[in-house]
Amino acid sequence: MNERLFIKKSVRRFYGRMKRNFIWKWVILLLTAGFLVAAGIAGASLTWPIYHAVLFEGIAVGVSLIAGIILGIIKAPSERDATIHMDSFGLKEKVTTAYFNDKAEEDLGEVEKLQLTDAAENLRVKEKELKTPKYIRRRMILILLLTVAAAVFMTLAPAPSKEMAKERHDTKKEANEQIKEIEEAKKALEKIDETKLTEAEKQELAHMMEQLNSSYKEMKNVSNTGELMSAKEKLQYRYEDMVNTLQNMAENQTENASTGDAQMAGAMQQAAQTISQNMNSSTTTTAQNNQNGQQGQNGQNGQNGQNGQNGQNGQNGQQGQQGQQGQGQNGQGNGDGNGNGDGNGNGEGEGNGNGNGEGDGNGEGEGNGNGEGKGDGNGSGDGGGKGRSATGGGGNTHDYVSLPNATGDDANLTGQDTGDNSQYAKYENGIGWEGNKTDYGSVMKEYEKKAYQGLEQGSYPSGMEEVIKNYFGNFDEE
C-alpha cells in the first residue's frame, strides 16, 4: 500500500536528521571540554617546561571527539521519539499510530485503512513544516570557537619555558646517544681477556671501566646543556686517555715475542678503534667555547687593575700619583687594565695583588699629598699574561718559582717554613723571598700532571678543561 510506504520513508528521513543533530550536540559539548583541557595544557606550558604539550593537547581533543560521537549514538532518540515529535505539529498521533501498526495488509480493517490513508494525506500537507528539535544552540558554537581560539593562541605563543623544554629534550636525547656509545666502549673492553694480562694491565683496564661507569652516571643525570657539555668534556678527555693506553698495551703485546698475544693485541686495537670513533663523534660545540669564555675571562671584566689596582692602587687618575712611589701590580686574571688621569699631588701608593695580567698606569700632576690604596681580589682567566709595574724601569724579565717548603741556600734570606703552596711569577725588577730559586720548567711537568689528574677526577668546575689545557700549552710554547 503506497500510503504505508510513504509514511515509513518520511519517518525514517526525519529520524535520520533528528539523530544526526543530536550526535552533533554531544560532539560540540565534548569538543568544547577537550579544547578547554588543551587550553589548560597550553597555558601550563607557558609556565612550566612541557615538551610534549602539543601532543597532549591533540590527545585531549581527539579523545573528546571520539567520546562525543559515542555518547551521541548511545543517547540518541528512538524512532518513537521522532514520530511523537512529528505528531506535535498538528498530526494528533496519526503518524505514530500508522507507523507502528505492524499488521499485514490483508489483516487491516476498514477503520485502520482509513486511519492510514488520513495519516498519509495529513503528512503530505505538513511535511515541509516539520522541524527537528533544536539540539544545537548558537551559544554552544560560540563557546566552542572561543575555546579553540584560546587553545591555538596559547599553543603558538612563545615562552622561555618552551625553549627550556626543547633544550631539556635535546639534552636528554644527546645524553642517551652518549650513553649508547659508552655501552659500546664497555662491551669492547669486556672482550679483552683479563687472564692474559699483567697486574698493571689489569689495573689499567679496571680503571678504564671505572671511568666509563662514572661518565655513564653523569650522562644519566644531566638536565641542561651546561651539564651535558661538562660531562662530554670529561668523557672526551677520558676517551683520549683510554685510546693512548690501549694502543700502548697493544704495542707491548705485539713487540713482546715471548709473552705477546696477537689475538689479545687485536682485541685491544679494536677497543681503541671503537673508543676513538666515539671520541670523534663527541665533538666540542660552540656553546662550550662560549661557556669557557664566560667562566674563564675574569681578566676581561677587570680583575686586572681591580684586584691588583694597576695604576689605581697608587691613586692613578684619581689623585694624579705621578708614579714616583706608586706601585701597581697586576692582579689575578687575564685582561688589559689601563688607567689615565690628571690630578695634583705627589704621594705614595701601594697596590697588592697576585696573578697574571697586563695593565699600564700613567698619571700627571703636581702638588703635595699622600695616598695609599690596596686592592685584593680573586680572578681566574684563560691563558697567561704579562705584567708591568707602574714605577717603570728597565731590565730583563726573570722567571722564578718559589718553593716555600724547601730551605733557602742564600745566607741573605732568613725566615722559616710557612707550609704554603708554591707560586710562580715574572718580574722585571726582580723580587726575593725565602726558598730555592728553581727554573719553572723543571717543576711545571709535575704541576701539569696533577692538573690533568684533577680533570680526570672531575675536581674542577664545568668549563675549566680547555682553560687548563691552554694554560699549560702556553708554557710548552715558551
Side-chain angles (χ1 to χ4, degrees), residues 173-222 228-285 288 441-442 444-460 464-466 468-473 475-477:
K173 181 179 179 181
E174 187 172 355
N176 290 333
E177 293 176 357
Q178 295 296 325
I179 288 173
K180 291 180 181 178
E181 293 180 356
I182 293 174
E183 291 175 343
E184 292 176 359
K186 291 172 65 177
K187 290 179 181 179
L189 292 179
E190 290 172 353
K191 293 180 180 179
I192 300 175
D193 188 0
E194 295 187 22
T195 59
K196 299 180 180 180
L197 299 178
T198 64
E199 288 299 323
E201 290 173 336
K202 289 180 180 179
Q203 292 179 0
E204 289 286 356
L205 187 62
H207 180 59
M208 285 186 277
M209 292 295 292
E210 182 180 350
Q211 288 180 321
L212 290 175
N213 289 330
S214 178
S215 291
Y216 182 91
K217 293 179 181 178
E218 291 172 358
M219 289 296 176
K220 276 285 188 183
N221 296 328
V222 296
L228 176 63
M229 291 301 103
S230 177
K232 286 180 66 176
E233 287 176 15
K234 294 179 184 178
L235 180 60
Q236 186 82 354
Y237 176 79
R238 289 166 177 170
Y239 277 159
E240 293 177 5
D241 186 55
M242 291 178 196
V243 170
N244 293 332
T245 302
L246 288 169
Q247 288 177 347
N248 292 335
M249 291 170 63
E251 289 177 2
N252 292 336
Q253 291 289 334
T254 304
E255 294 174 358
N256 195 335
S258 59
T259 60
D261 190 323
Q263 185 177 1
M264 178 68 67
M268 293 176 178
Q269 288 287 1
Q270 183 63 38
Q273 182 178 0
T274 300
I275 296 174
S276 180
Q277 291 175 352
N278 294 348
M279 182 175 63
N280 293 334
S281 65
S282 178
T283 55
T284 304
T285 62
Q288 173 188 349
S442 63
M444 196 55 63
K445 290 297 181 183
E446 180 181 354
Y447 295 160
E448 182 178 5
K449 180 179 179 182
K450 291 182 178 180
Y452 280 115
Q453 288 177 348
L455 283 178
E456 181 179 331
Q457 297 169 359
S459 302
Y460 297 102
M464 293 301 297
E465 287 80 359
E466 290 298 324
I468 293 173
K469 291 180 182 179
N470 292 336
Y471 177 78
F472 287 106
F475 283 109
D476 294 337
E477 291 177 0

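Using a 4.5 Å heavy-atom cutoff, the side chains of Lys232 and Met219 are in contact. Looking only at side-chain heavy atoms (C-beta outward), Glu177 and Lys173 come within less than 4.5 Å of each other. In this structure, Tyr239 and Ile182 have side chains that are in contact, with non-hydrogen atoms separated by less than 4.5 Å. In this structure, the side chains of Lys191 and Gln270 stay at 4.5 Å or more apart for every pair of heavy atoms.
Remark: Glu174 CD to Leu228 CG distance equals 4.5 Å, nearest 0.5 Å. Taking CG of Asn244 as the start and CE of Met249 as the end, the distance is 13.0 Å to the nearest 0.5 Å. The structure places CG of Leu197 at 11.5 Å from CG of Asn252, a figure rounded to the nearest 0.5 Å. To the nearest 0.5 Å, atoms CD (Glu183) and CD (Glu190) are separated by 10.5 Å. Rounded to the nearest 0.5 angstrom, Met264 CE and Asp193 CG are separated by 4.5 Å. Distance CD/Glu201 to CG/Leu246: 10.5 Å, rounded to 0.5 Å.
Judged by distance alone, the side chains of His207 and Gln211 do bring a donor and an acceptor atom under 3.5 Å apart.
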Side chain to side chain contact (heavy atoms under 4.5 Å, CB included) between Glu240 and Gln236, worked out: CA-CA 6 Å; Glu240 293 177 5; Gln236 186 82 354; 4.1 Å; yes
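Ser214 places no side-chain N or O within donor-acceptor distance of the main-chain N or O of Glu210, the cut-off being under 3.5 Å. Side chain of Asp241 to backbone of Tyr237: no donor-acceptor contact under 3.5 angstrom is found.
Counting heavy atoms of neighbouring residues, nucleotides and ligands inside a 6.0 Å radius, atom NZ of Lys202 exceeds 12 of them.
Nearest heavy-atom pair across Ser276 and Val243 is N-CG2, 3.9 Å. Between Ser215 and Arg238, the closest heavy-atom pair is OG-NH1, 2.7 Å. When all heavy atoms are compared, the tightest approach of Met242 to Met208 is CE-O, 3.4 Å.
The side-chain hydrogen bond (donor to acceptor under 3.5 Å, both in side chains) search around Glu204 returns none, not counting sequence neighbours. For Asn213, the side-chain hydrogen bond (donor to acceptor under 3.5 Å, both in side chains) partners are Lys186, not counting sequence neighbours.
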